[in-house]
Each structure stands twice: as structure tokens, then as C-alpha cells.
Amino acid sequence: MKIKDIIVSAAALMVIGGAVTAALAGTNALTAGTIADRMAETENAARLQVIDADDFEELTLDDGGDAVIYYRAVKDGQTAGYVFTTVTTGKSGGLTVMTGIRTDGAVSGVAVTSDNETAGYVDKVRGAGLLDAFTGKEAAGGFRLGETVDGVSQATKTSRGITEGVDKAARLFETYVKGGAA
């Protein structure tokens with residue numbers, strides 16, 4: 001191959017690469033607002049799974065130097081409770097656990113909103129009723145697998161990760177919200 005052919009091929013690839021990059025950047029700019037709106041709707045729908053509310057107010061607290069975002073659930077103009085999202089580790093990876101806690105300190109609901117678990121493990125614990133087992137239990141004192149809630153056979157690490165996520169939410173509620181430090 002001649003040098004001229006190499007330069008022409010390289011220039012053509014640069015033009016094509018630049019055009020594709022510009023097209024992707026333009027598409028991202030045009031759809032960023034829509035994507036953000038859909039993400040907000042999805043997150044709001046997940047919060048509604050764990051507590052009955054008309055609206056949610058985003059709040060932030062400082063947990064030993066870590067900023068924690070949580071939500072105040074509002075129903076008929078009154079505070080109905082709070083929603084905390086925690087990240088823990090199960091069998092294979094990260095679990096994102098959303099926990100609703102009513103103002104009286106009882107858990108109103110638990111949902112796993114994201115996971116990197118082996119396929120089927122989260123479905124197994126959901127089907128066995130682990131997420132529902134927290135509902136109505138007091139956040140005070142926290143949660144421990146095998147003591148305050150039972151794990152799911154053949155999904156023990158996933159059960160433990162979910163329980164740790166709910167326990168962290170309970171601790172945040174007890175320390176900062178109920179304790180008045182938030």
C-alpha cells in the first residue's frame with residue numbers, strides 16, 4: 001500500500017468517526033430531558049411501592065461525612081413517613097434496597113430497585129415473602145437475618161443483603177429523623 005492510500009483511509013475514518021460522535025452527542029442532547037423525566041417517574045413509582053403518598057420531598061442528611069439523600073412522603077398535606085435508598089452486597093454484587101418507614105416507626109414497604117445478583121435470586125426472595133416480612137415491623141432496634149426476619153433457603157446471601165439494606169434505613173430513620181438530628 002502506498003502512503004497516499006493510508007492517509008486517505010485514515011482521513012475517511014476520522015471523518016466518519018467525527019460524524020458518528022457528533023450524531024451521538026446531538027441525540028444525547030435532544031433526549032437528556034426526556035430521559036431525566038422518565039428516570040424521575042420511575043424512581044417516584046418505586047417510592048410509591050414502599051409508602052402511600054401524594055408527593056415526595058427530597059431531603060439530605062449527613063451520616064458521618066456521607067451525604068444521604070432520602071425522601072419525606074406527604075399524604076393529604078401531612079408527613080406520612082420517609083423513604084431511604086441503601087446499597088448493600090448480596091451473593092453476586094450490589095443490591096439497591098428502597099425502604100419506606102412511617103412516622104410511627106413501622107416499615108411500610110421494601111423494594112429492590114436494582115441488583116447485580118445471579119439471575120433468579122431476588123425473584124426467589126421476593127416470591128418467598130422476604131420483602132413483605134418487614135412490613136409493619138418497628139424500625140427501632142433494627143433488623144437481623146435469622147432473628148427479626150427469616151432468610152430464604154438457597155438465597156441466604158441475597159436475603160442477608162436485603163436485610164442489611166433495611167437495617168441501614170432503620171438506623172438512619174432512628175438516628176436522624178426520629179432522633180431529630182436531620
Side-chain angles (χ1 to χ4, degrees), residues 10-103 107-127 130-132 134-135 139 158 161-162 164-173 175-178 181-182:
L13 285 173
M14 283 179 29
V15 168
I16 292 168
V20 168
T21 300
L24 287 172
T27 301
N28 185 52
L30 290 172
T31 60
T34 302
I35 291 170
D37 290 344
R38 292 221 175 118
M39 285 295 291
E41 288 173 14
T42 301
E43 290 172 0
N44 199 47
R47 284 188 284 275
L48 287 169
Q49 286 180 9
V50 299
I51 196 163
D52 183 29
D54 301 324
D55 195 19
F56 295 95
E57 175 188 357
E58 183 177 307
L59 302 167
T60 305
L61 62 84
D62 181 351
D63 182 33
D66 293 330
V68 176
I69 296 173
Y70 67 108
Y71 292 84
R72 182 173 73 94
V74 178
K75 179 76 171 173
D76 299 326
Q78 301 292 318
T79 300
Y82 300 87
V83 177
F84 294 89
T85 302
T86 56
V87 177
T88 65
T89 302
K91 177 178 173 45
S92 304
L95 285 164
T96 303
V97 180
M98 187 174 286
T99 306
I101 302 175
R102 297 188 313 246
T103 55
V107 173
S108 58
V110 175
V112 175
T113 59
S114 175
D115 73 88
N116 291 321
E117 294 293 274
T118 302
Y121 278 84
V122 173
D123 291 335
K124 180 181 279 259
V125 297
R126 187 178 288 122
L130 178 65
L131 302 182
D132 296 330
F134 294 100
T135 303
T158 302
I162 291 169
E164 288 172 0
V166 176
D167 182 63
K168 183 175 181 181
R171 181 188 60 79
L172 291 169
F173 174 80
T175 303
Y176 298 104
V177 177
K178 186 175 179 184

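Under a 3.5 Å cut-off, the side chain of Asp63 and the backbone N or O of Asp66 do not form any donor-acceptor pair.
Within the structure, every pair that satisfies the side-chain hydrogen bond (donor to acceptor under 3.5 Å, both in side chains) test and touches residues 78-88, not counting sequence neighbours, is listed here: Arg72-Thr79.
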Which donor-acceptor pairs under 3.5 Å do side chains of residues 33-48 form with protein atoms, sequence neighbours excluded?
| residue | atom | partner | partner atom | Å |
| --- | --- | --- | --- | --- |
| Thr42 | OG1 | Arg38 | O | 2.9 |

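For the side chain to side chain contact (heavy atoms under 4.5 Å, CB included) criterion with Met98, the lone passing option out of Val110, Val166, Val83, Val112 is Val83.
Residues Asp54 and Val74 are not in side-chain contact: their nearest non-hydrogen atoms beyond the backbone lie 4.5 Å or more apart. Side-chain contact between Arg126 and Val122: present, with at least one pair of heavy atoms (C-beta onward) separated by less than 4.5 Å.
Nearest heavy atoms, Ala139 versus Ala170: O-CB, 3.5 Å. Taking every heavy atom of both residues into account, Val97 and Ile162 meet most closely at CG2-CA, 4.1 Å. Considering all non-hydrogen atoms of both residues, Ile51 and Gly81 come closest at CD1-CA, 3.6 Å. The minimum heavy-atom distance linking Gly165 with Thr99 is given by the pair O-OG1, 4.4 Å. Of all heavy-atom pairs spanning Lys75 and Ala53, the tightest one is CD-CA, 4.1 Å. Minimum heavy-atom separation, Val177 to Tyr70: CG2-CE1, 3.9 Å.
One finds the CZ atom of Phe134 at 11.0 Å from the CD1 atom of Ile101 (value rounded to the nearest 0.5 Å).
When the side-chain contact (heavy atoms from CB on, under 4.5 Å) test is applied to Glu58, the partners found at least two apart in sequence or on another chain are Ile69, Tyr71.
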